[in-house]
Amino acid sequence: MADDSINHARRGFLRGQFKSATPPPLRPPWALPEAEFLRKCTRCNNCAIICPTKIIVMQDGYPRIDFTVAACTFCGECVRVCTPAALRRDEGAPPWSIKASVNEKCLAQRGVECRVCGEHCEVDAIRFPPRLDAPPLPVIDATTCTGCGACVSVCPTKAIRVG
Ligand code: SF4
Ligand code: SF4
Ligand code: SF4
């Protein structure tokens, strides 16, 4: 590597440019903060086995949520079988703070009428305000959205992300 390249790499490193920007995978609901979760989780796989909607998959030995399969019903079974308490449901604690968002792949943004996501949202967090001469766009109310993921797998263009 030429001196210039080395200096450029060093400057980038010092500025933190080369730090991994990848967020941790989405853990099951009521998971402890990531570092604590990784310390406590024994990688037993029990949460994935018990999950009735099969949205818990194992990645690098640890569980993560995959909404492309189905939604979370917040049944709490994964917490119940987590004996090391890496998942811990304190009284009144929300399962997580994740919310749904829609990206540019949405059919309605391309002029095609579609309300599939709204039809599957049990808490009516997705509204479709009318537009003049164009199909209505889905608008997600973040205060109502529970992050259940029910809108993800049903979207025909994979336009919804929950995170
Ligand atoms: S709360 Fe129930 S549906 Fe949700 S991830 Fe846990 S076991 Fe699966
Ligand atoms: S289901 Fe997908 S394509 Fe249809 S309105 Fe919702 S985000 Fe757009
Ligand atoms: S994640 Fe669940 S609550 Fe939020 S908009 Fe999608 S279906 Fe509705």
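Note that the numbering runs from 1 along the sequence shown for the chain. Read the numbers this way: they start at 1 and go in the same order the structure lists the ligands and their atoms.
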For ligand 1, which atoms sit closer than 4.0 Å to a heavy atom of [X]?
{"X": "Pro52", "answer": "7 (S)"}
{"X": "Ile56", "answer": "5 (S)"}
{"X": "Phe74", "answer": "1 (S), 4 (Fe)"}

For [X], the ligand 2 atoms whose distance to one of its heavy atoms is below 4.0 Å:
{"X": "Pro156", "result": "1 (S)"}
{"X": "Cys114", "result": "1 (S), 3 (S), 4 (Fe), 5 (S)"}
{"X": "Leu107", "result": "3 (S), 8 (Fe)"}
{"X": "Thr157", "result": "3 (S)"}
{"X": "Cys155", "result": "1 (S), 2 (Fe), 3 (S), 7 (S)"}
{"X": "Ile160", "result": "7 (S)"}

Could you pull out the closest heavy-atom pair between [X] and [Y], with the gap in Å?
{"X": "Val69", "Y": "Ile55", "answer": "CB-CG2, 4.5 Å"}
{"X": "Gly76", "Y": "Arg89", "answer": "CA-NH1, 3.6 Å"}
{"X": "Ile65", "Y": "Pro29", "answer": "CD1-CD, 4.1 Å"}
{"X": "Pro63", "Y": "Cys41", "answer": "CD-SG, 3.8 Å"}
{"X": "Cys78", "Y": "Ile56", "answer": "CB-CD1, 3.8 Å"}

Ring-face cation contact, Phe37 with Arg27, 6.0 Å cut, 45° max: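 No, a cation-pi geometry is absent between Arg27 and Phe37.
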Which of the numbered atoms in ligand 3 are below 4.0 angstrom from a heavy atom of [X]?
{"X": "Thr146", "answer": "3 (S), 4 (Fe)"}
{"X": "Ile126", "answer": "5 (S)"}
{"X": "Gly147", "answer": "1 (S), 4 (Fe)"}
{"X": "Val123", "answer": "3 (S)"}
{"X": "Cys121", "answer": "3 (S), 5 (S), 7 (S), 8 (Fe)"}

Glu122, CD: over 12 other non-hydrogen atoms inside 6.0 angstrom: no
Arg161 CZ: over 12 foreign heavy atoms closer than 6.0 Å: no
Parallel, tilted or perpendicular: rings of Phe74 and Trp96 (30°, 60°):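 The arrangement is perpendicular - the two ring planes meet at more than 60°.
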Give me the nearest non-hydrogen protein atom to [atom] as residue plus atom name, then the distance to 0.1 Å.
{"atom": "atom 2 (Fe) of ligand 3", "result": "Cys148 SG, 2.4 Å"}
{"atom": "atom 4 (Fe) of ligand 3", "result": "Cys145 SG, 2.4 Å"}
{"atom": "atom 1 (S) of ligand 3", "result": "Gly149 N, 3.3 Å"}
{"atom": "atom 6 (Fe) of ligand 3", "result": "Cys151 SG, 2.3 Å"}
{"atom": "atom 8 (Fe) of ligand 2", "result": "Cys106 SG, 2.4 Å"}

Please work out whether any backbone atom (N, CA, C, O) or any side-chain heavy atom from C-beta onward of [X] is under 4.0 Å from ligand 1, and answer side chain, backbone, both or neither.
{"X": "Pro95", "answer": "neither"}
{"X": "Thr53", "answer": "side chain"}
{"X": "Pro28", "answer": "neither"}

Check: Lys158 side chain, Thr68 main-chain N or O, donor-acceptor pair, under 3.5 Å: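 Not a single qualifying donor-acceptor pair exists.
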Main-chain N/O of Ala70 paired with Ser153 side-chain donor or acceptor, under 3.5 Å: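 No, Ser153 side chain to Ala70 backbone: no donor-acceptor pair under 3.5 Å.
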Salt-bridge contact Asp133-Arg131 (side-chain N to carboxylate O under 4.0 Å):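 A salt bridge is absent here (no side-chain N lies under 4.0 Å from a carboxylate O).
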Ion pair check, Glu77 and Arg80, cut-off under 4.0 Å: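 Counted as a salt bridge, because a side-chain N and a carboxylate O are separated by less than 4.0 Å.
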